[in-house]
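One structure below.
Indexing begins at 1, ligand by ligand and atom by atom, following the structure's order. Computed from a prediction, not measured in an experiment: that's the story for all the values here.
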Amino acid sequence: MYKIPANTLFMGKNLVFVPECPSTNTLALQISQQSAAKEGTLVITDNQTAGKGQQGNVWEAEPRKNLTFSLILRPNFLAVNRQFFLNIVVCLALKDYLTEKTSDDIYIKWPNDILVHGKKISGILIENQLQGATILNSIAGIGFNLNQKRFSASTATSLSLSTGREYAPEKELPTIVGYIESRYLQLRQGHFDALMAQYLGSLYRRNEKHSFSSQGKVFDGIIEDLDDAGRLRIRTDEGVKSFGVKEVQYLG
Ligand code: BTN
């Protein structure tokens, strides 16, 4: 039974639980459009049957073992060209939470995979509804692997696999939501530089030489940083190039 978090100002104060649904992001979007849903409304399910991942992928989560939830945000203080900061906020919040829970190394793989000991523990899907230069609604969807032990992908992990412990989803949810609120308030206060610096400080494979592919070509490069729009800047033999989410793949 999920409870309204006692540790937040507004995040999760309106909580919508459904035992099963195709996607909490889709449901949250419907709720945000149908009614004047409050900012911070949290939509959560125990069994997400058609979870949406990045780039049209599917997010799979064993029922009742993990957290699958979405938050309705209204970041009208944020310029559209800085919308990537919403990804930064959620990534850093999940890293904050994990730092409290595990001693394994934690990295953020651009744009928004959270890796523990090199494996993906959490995925984030942020869907923004824009109107001109304004972000009307932002749906921040989070899939967090808590207790699942077996995954179809060998690149996935869970908190339980990292620590050997079991976690009650209803106990962990308020802690995570509290961290998301803190980071969101940091963004609302305009601390862009600090947020970016901390994101870059946690960036997977930064400042190391690795292979990448783009448009069918393989190349070596060194991840330097992000541009203001959140594009990945990689130093190559031909100089520094910026890549959008679908434009570059990590190899090796
Ligand atoms: C990824 O591909 O890494 C992003 C996965 C995001 C999954 C979460 S689970 C809750 C929310 N509802 C969805 O349909 N997707 C997101």
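The atoms of ligand 1 that sit less than 4.0 Å from any heavy atom of S23 are 12 (N), 13 (C), 14 (O). Residue-ligand proximity, G53 to ligand 1, at heavy-atom distances under 4.0 Å covers atoms 1 (C), 2 (O), 4 (C), 5 (C). Every atom of ligand 1 with a heavy atom of G51 under 4.0 Å away is listed here by number and element: 14 (O). The atoms of ligand 1 that sit less than 4.0 Å from any heavy atom of S70 are 11 (C).
Ranking the protein heavy atoms by distance from atom 2 (O) of ligand 1 puts Q54 N, 2.7 Å first. Counting protein heavy atoms only, atom 9 (S) of ligand 1 is closest to Q48 NE2, 3.3 Å. What sits closest to atom 3 (O) of ligand 1 on the protein, heavy atoms only, is K120 NZ, 2.6 Å. Of all protein heavy atoms, the one closest to atom 8 (C) of ligand 1 is G143 N, 3.6 Å.
Side chains of S160 and E166: a donor-acceptor N/O pair is present below 3.5 angstrom, by distance only. Between the side chains of Q148 and R64, no donor N or O sits under 3.5 Å from an acceptor N or O. For the residue pair K95 / S202, a side-chain donor-acceptor distance below 3.5 Å is found, with atom types taken as modelled.
Not a single heavy atom of Q55 sits less than 4.0 Å from an atom of ligand 1. Distances from ligand 1 to the non-hydrogen atoms of T24 include at least one value under 4.0 Å.
Aromatic ring centroids of F243 and F219 lie under 6.0 Å apart. Separation of the Y167 and F144 ring centroids does not fall under the 6.0 Å cut-off.
At a threshold of 4.5 Å between non-hydrogen side-chain atoms, the residues F69 and V43 do not count as touching.
For ligand 1, none of its N or O atoms has an N or O atom of T68 under 3.5 Å away. At least one N or O atom of K52 sits closer than 3.5 Å to an N or O atom of ligand 1. Residue W59 has no nitrogen or oxygen atom sitting less than 3.5 Å from a nitrogen or oxygen atom of ligand 1, judged on distance alone.
F192 carries R82 over the face of its six-membered ring, with the cationic atom under 6.0 Å from the centre and within 45° of the normal. Under a cutoff of 6.0 Å and an axis angle of 45°, K38 and F10 do not form a cation-pi pair.
Distances from atom 4 (C) of ligand 1 to the heavy atoms of D113, I124, T45 put I124 nearest.
Classification of the Y184-F77 ring pair by plane angle, with boundaries at 30° and 60°, yields perpendicular.
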